[in-house]
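Notes to accompany the following structure.
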2 protein chains.
Amino acid sequence: MIDVKTLCLGVLSRGDASGYEIRKEFEEGPLSHFSDAGFGSIYPALKRLLDDGQIVMLPHNGDGRPDKKLYRITPSGRHALYQSLIKTPSADKLRSDLMFILSFGHLLPPRHLDRIIGDRISDYRQMIATLEVEGSTAHRTPGERFVEGMGLAIYRAVAGYLEEHRHELVAAALMESQVA
Amino acid sequence: MIDVKTLCLGVLSRGDASGYEIRKEFEEGPLSHFSDAGFGSIYPALKRLLDDGQIVMLPHNGDGRPDKKLYRITPSGRHALYQSLIKTPSADKLRSDLMFILSFGHLLPPRHLDRIIGDRISDYRQMIATLEVEGSTAHRTPGERFVEGMGLAIYRAVAGYLEEHRHELVAAALMESQVA
DNA sequence: CAAGTGATGCATCGATACGATATATAACAA
DNA sequence: TTGTTATATATCGTATCGATGCATCACTTG
């Protein structure tokens with residue numbers, strides 16, 4: 001998997017940013033769907049990138065706000081980013097607590113099962129609605145549009161599957177609970 | 001996210017297993033699609049589960065093979081598993097190096113783009129074919145069938161999206177490379 | 001106008017997890 | 001007999017995660 005240093009270089013390749021702003025990219029932006037990094041990884045990564053000369057810190061114009069360290073990618077940093085981008089990408093990873101839980105569906109109360117599935121459907125429907133609005137308003141590069149489209153496609157597939165098969169699983173759990 | 005201790009308890013709730021066999025479950029079984037754990041996490045987890053009395057080690061019948069430590073879940077372990085299963089599951093996570101790379105598609109050679117997308121489509125088509133065979137042969141609980149079905153639905157959505165939008169992205173990269 | 005809430009912003013720390021590596025045996029093919 | 005693959009345990013350094021702490025500023029709400 002791509003490391004946090006490279007993720008930061010990727011964000012900075014689009015423009016100067018602070019650690020906090022980089023974090024936001026992984027929480028909201030087009031990169032948020034398939035990448036992630038928290039403060040605990042970003043700040044150490046920025047430190048190492050500084051040491052390696054792949055980014056520089058901009059002198060904050062002594063105006064109002066004191067802190068907010070802005071970082072800018074260097075040519076060396078762009079080169080390192082490019083080298084990472086042309087490496088063969090590792091396999092995609094899906095992690096889902098819900099799916100782990102549902103694979104033990106027969107051990108759980110049917111009502112509880114039905115609730116957590118319903119909640120998750122709502123979550124996905126909400127995300128889909130948000131994406132559909134953003135997709136038509138926000139300005140995006142072709143790559144970003146492609147990635148957001150993939151996010152949308154996956155979210156729809158997940159929400160659709162949950163809706164279509166929810167009853168089967170709950171019904172099976174009901175049978176199980178009547179036996180026990 | 002659910003920790004490796006709980007993942008191990010989940011596997012052991014289906015039957016006794018060694019560390020190696022637990023690993024295999026995350027590489028092949030129905031749990032492999034949405035969960036993962038390597039040796040470096042499993043062995044320490046088993047050690048802690050032993051300390052906590054949530055699993056026990058079975059005395060290996062002094063037959064042929066020497067090593068192979070078999071573990072069995074205890075009632076205390078089943079209780080701990082249940083407690084984890086009824087917690088509100090955290091949000092699903094998708095990680096994809098490929099999507100990160102493609103979001104910078106305009107920086108990359110169009111031919112390279114086309115190749116890595118094509119390779120990934122093949123990977124997914126292969127996984128889908130494997131799953132379709134297994135789904136009709138292997139014996140599964142309702143929960144496992146549900147989870148495998150979700151895996152299949154997502155893989156199909158991803159492969160389909162890649163196939164349908166591949167050209168758009170490559171075309172955009174071509175335009176970009178002619179400008180530069 | 002005070003007081004609370006939430007967003008902005010930096011940073012650290014411990015627990016956990018990851019990935020590579022080492023070691024050894026058994027089975028099976030070349 | 002040599003090599004390869006599968007079985008099997010285990011460790012170690014590094015990277016990452018998640019929670020927490022601490023400010024400041026803006027906004028709203030009684």
Side-chain angles (χ1 to χ4, degrees), chain A residues 1-9 11 16-29 32 35-52 55 57-58 60-71 84 87-93 95 97 100, chain B residues 1-9 11 16-29 32 34-52 55 57-58 60-71 84 87-95 97 100:
Chain A
M1 280 277 137
I2 283 177
D3 61 21
V4 178
K5 281 200 299 179
T6 306
L7 295 179
C8 291
L9 285 178
V11 173
D16 304 338
S18 64
Y20 186 82
E21 286 164 343
I22 292 173
R23 176 74 232 273
K24 268 200 305 184
E25 284 299 307
F26 294 117
E27 233 180 17
E28 300 166 27
S32 67
S35 308
D36 194 23
F39 293 121
S41 323
I42 291 173
Y43 287 119
L46 289 173
K47 211 169 280 178
R48 267 176 293 152
L49 288 170
L50 269 178
D51 290 345
D52 298 350
I55 62 174
M57 203 192 301
L58 297 182
H60 29 49
N61 41 357
D63 279 23
R65 41 205 132 80
D67 296 291
K68 185 160 184 176
K69 300 174 177 175
L70 271 183
Y71 298 94
S84 299
K87 274 188 192 148
T88 301
S90 62
D92 298 340
K93 267 182 197 164
R95 296 297 187 89
D97 283 0
F100 178 78
Chain B
M1 280 279 137
I2 284 176
D3 61 22
V4 179
K5 282 201 296 180
T6 306
L7 295 180
C8 290
L9 286 177
V11 173
D16 303 339
S18 65
Y20 186 82
E21 287 163 343
I22 292 174
R23 176 74 232 272
K24 268 200 305 185
E25 284 299 306
F26 295 117
E27 234 180 15
E28 300 166 25
S32 68
F34 301 103
S35 307
D36 195 24
F39 293 121
S41 323
I42 290 174
Y43 286 118
L46 289 174
K47 210 170 280 176
R48 267 177 291 152
L49 288 171
L50 269 180
D51 291 346
D52 298 351
I55 61 174
M57 202 192 302
L58 296 182
H60 29 47
N61 41 357
D63 277 23
R65 40 208 134 76
D67 296 290
K68 184 158 183 177
K69 301 175 178 173
L70 271 183
Y71 297 94
S84 299
K87 274 189 192 149
T88 301
S90 62
D92 298 339
K93 265 182 196 165
L94 308 171
R95 296 297 188 88
D97 284 1
F100 178 79

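Basis for what follows: all heavy atoms, side chains included, without hydrogens, waters or symmetry-related copies. Every chain is numbered from 1, with letters handed out A, B, ... down the list of sequences.
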Between the protein and nucleotides 12-16 of chain D, which nitrogen or oxygen pairs are less than 3.5 angstrom apart?
residue, atom, partner, partner atom, Å
D:dT16, OP1, A:Val4, N, 3.2

Polar atoms only, N or O, under 3.5 Å: list the protein pairs with nucleotides 20-22 of chain D and their distances.
none

d(OH, B:Tyr71; P, D:dA8) in whole Å: 13 Å

Ion pair check, B:Asp97 and A:Lys87, cut-off under 4.0 Å: no

Inter-residue atom distance B:Cys8.SG - B:Tyr43.OH, 0.5 Å rounding: 10.5 Å

Spacing of B:Lys68 atom NZ relative to C:dT25 atom P, expressed in whole Å: 18 Å

Test item: B:Glu25 side-chain N/O and B:Ile22 main-chain N/O as donor-acceptor pair under 3.5 Å: no

Between C:dC18 (P) and B:Arg23 (CZ): distance, integer Å: 10 Å

Lys NZ or Arg CZ of A:Arg95 over B:Phe34 ring: under 6.0 Å, within 45°: no

CD1 on A:Ile55 to NZ on A:Lys5, rounded to 0.5 Å: 10.5 Å

Nearest listed nucleotide, side chain of A:Lys47, among D:dA10, C:dT12, C:dT8: C:dT12

Any B:Tyr20 side-chain nitrogen or oxygen under 4.0 Å from OP1 or OP2 of D:dT9: no

Distance, nearest 0.5 Å, that separates CG of A:Asp16 from CG of A:Leu70: 6.0 Å

Integer-rounded Å distance: C:dA17 C1' and A:Asp36 CG: 15 Å

Spacing of OG belonging to B:Ser18 relative to NZ belonging to B:Lys69, to within rounding of 0.5 Å: 11.0 Å

Rounded interatomic separation in angstrom, taking CG from B:Asp51 and C1' from C:dA15: 16 Å

Value in whole Å for how far the P atom of D:dT11 lies from OH of B:Tyr43: 10 Å

B:Ser32 (side chain) donor-acceptor with B:Gly29 (main chain) under 3.5 angstrom: yes

Distance in angstrom units between B:Glu27 CD and C:dC18 C1', rounded: 14 Å

Donor-acceptor contact below 3.5 Å, side chain B:Arg23 vs main chain B:Ala37: yes

Rounded distance (Å) that lies between atom C1' of C:dT8 and atom CD of A:Glu28: 12 Å

